[in-house]
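Quick note: residue numbers are just sequence positions, from 1. We count ligands from 1, going down the list as the structure has it; atoms in each ligand are counted the same way.
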Amino acid sequence: MIKKNIQILDTTLREGEQTPGVSFTIVQKLEIVKMLDAFGVDFIEVGHPAVSADIYKSINEINKLSINAKTVAHCRLKKVDIEQALDLKMSWVGIFFGTSQSYLFDKYKIDEKKCLEMIKDGIKYAKDNGLKVRFTAEDASRTDREFLLNVARVAENAGADRFSIADTVGILYPEKVSQIVSFFVKNLNIPIHAHFHNDFGLATSNALQAIQSGATCVDVSVNGLGERCGISSLAEITMSLNELLKVKNGWNFKLLNEISQYVKNVTNVSRNDIMPITGKNAFTHNGGLHVASVLNNPSTYEPIRPNKINREHTFVIDKFSGKTALNHCLKKLGLKFNDQIIERALTDIKSNPQITNWTDKQLSSLMEKLNS
Ligand code: HCA
Ligand code: CU
């Protein structure tokens, strides 16, 4: 059953910026926020402040705008991240933590009990400091249902204001979405959000199903930008909700084309780049956490092995990169450095947000400079 007051969270500035080759300037971010607000989205996920200084600064500038949409800062389940959101005077944080077996055991190396404790403590910390919390169970779609219910209940009891179900590797299809979403709508008191990746081309259908099954908000990005094949797109979701499901929301459709064109012009990402399976980015990983996890266990962020279709995965080095990603790329170039130099290299990489894909040559000369 479709709830009243369906909402949209746009994450072009967070998820969308994780598209290989994309890095918005602060001026572009301010422009995008103004357009999204004028269109009428309810939440704007403005970025993950801990990633880089330019992201932190852009959030600070965005918060000076007078807009109706609520801005949300993306945070790991870590005090340092939540503290940055507090410094930025956010009212909302989107805290995410992977809950599937492989995330717990391969990515974080913790057990279920520890996971629940961390979720409780992290959310409580944010709530005690006055933040509104949307808690996302990353890889929820591959998490055991009973355990996910424990996670959701712990999150709700710790004070979370929203529970978001992330289909991080895009493996759901509408029937499964219906089962999962209805189950959580029935069992929780807080509103349910959902986030669908497009690895099998089902992100739009899945988001529409989530709304039909009682979710109150789905995540979108302009032109469907995001890691690998991206997520549900703003235009497809709002127009299908309006035209097909007769959801009324006051969206200013006259602005939709302009927003899409603006983002297309400043990103230069083509539809083919983010096309499922055969698109250029289908097996490319960008975010630091993504690359580190894939190196350890590819299935964490790959729903199918790329060699099934005679492809290989690739990694991008840019402001989103972490230590593991950088070490891996340098190793491939036959280079090895101590931690201190790696840290300095990362600082340099993160302070050059305009370089969206460091080439081997650029990396080698940076390392040479730092090592001399
Ligand atoms: C990521 C993963 C994420 C998180 C979604 C969310 C996903 O951090 O890149 O926090 O709402 O798909 O699970 O985008
Ligand atoms: Cu995502």
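Near-neighbour remark for the Cu ion (ligand 2): protein N, O or S atoms under 2.8 Å are E15 OE1, H195 NE2, H197 NE2; waters not counted.
For Y103 and Y301, the gap between ring centers is short of 6.0 Å.
Once rounded to the nearest 0.5 Å, the distance linking CG of L148 with CZ of R142 reads 13.5 Å. In this structure, CG in L333 is found 6.5 Å from CG in L363, a value given to the nearest 0.5 Å.
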With the criterion set at N/O pairs under 3.5 Å, what does the list of contacts between the protein and ligand 1 look like, atom names and distances included?
| unit_1 | atom_1 | unit_2 | atom_2 | d |
| --- | --- | --- | --- | --- |
| ligand 1 | 9 (O) | R14 | NH1 | 3.2 |
| ligand 1 | 9 (O) | Q18 | NE2 | 3.3 |
| ligand 1 | 9 (O) | H290 | NE2 | 2.7 |
| ligand 1 | 10 (O) | H74 | NE2 | 2.7 |
| ligand 1 | 11 (O) | R134 | NH2 | 3.1 |
| ligand 1 | 11 (O) | T136 | OG1 | 2.9 |
| ligand 1 | 12 (O) | H195 | NE2 | 3.0 |
| ligand 1 | 12 (O) | H197 | NE2 | 3.0 |
| ligand 1 | 13 (O) | T168 | OG1 | 2.6 |
| ligand 1 | 14 (O) | R14 | NH1 | 3.4 |
| ligand 1 | 14 (O) | R14 | NH2 | 3.0 |
| ligand 1 | 14 (O) | E15 | OE1 | 2.8 |
| ligand 1 | 14 (O) | H195 | NE2 | 3.2 |

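For N198, the side-chain contact (heavy atoms from CB on, under 4.5 Å) partners two or more places apart in sequence, or in a different chain, are A203, C229, P276.
Using a 30° and 60° split on the angle between ring planes, F184 and F163 fall in the tilted class, from 30° to 60°.
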* Asked: Stepwise, does the side chain to side chain contact (heavy atoms under 4.5 Å, CB included) test hold for L256 with L234?
  -> CA-CA 8 Å; L256 205 46; L234 172 76; 3.8 Å; yes

* **Trace of the side chain to side chain contact (heavy atoms under 4.5 Å, CB included) decision for H48 with R76** => CA-CA 9 Å; H48 190 141; R76 287 168 300 180; 3.8 Å; yes

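Counted by atom type alone, T284 and T314 present one or more donor-acceptor pairs between their side chains at under 3.5 Å.
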Just distance, no hydrogens or angles: give the donor-acceptor pairs under 3.5 Å from side chains in residues 28-35, sequence neighbours left out.
| unit_1 | atom_1 | unit_2 | atom_2 | d |
| --- | --- | --- | --- | --- |
| Q28 | OE1 | T25 | N | 2.9 |
| K29 | NZ | E17 | OE1 | 3.1 |
| K29 | NZ | E17 | OE2 | 3.4 |

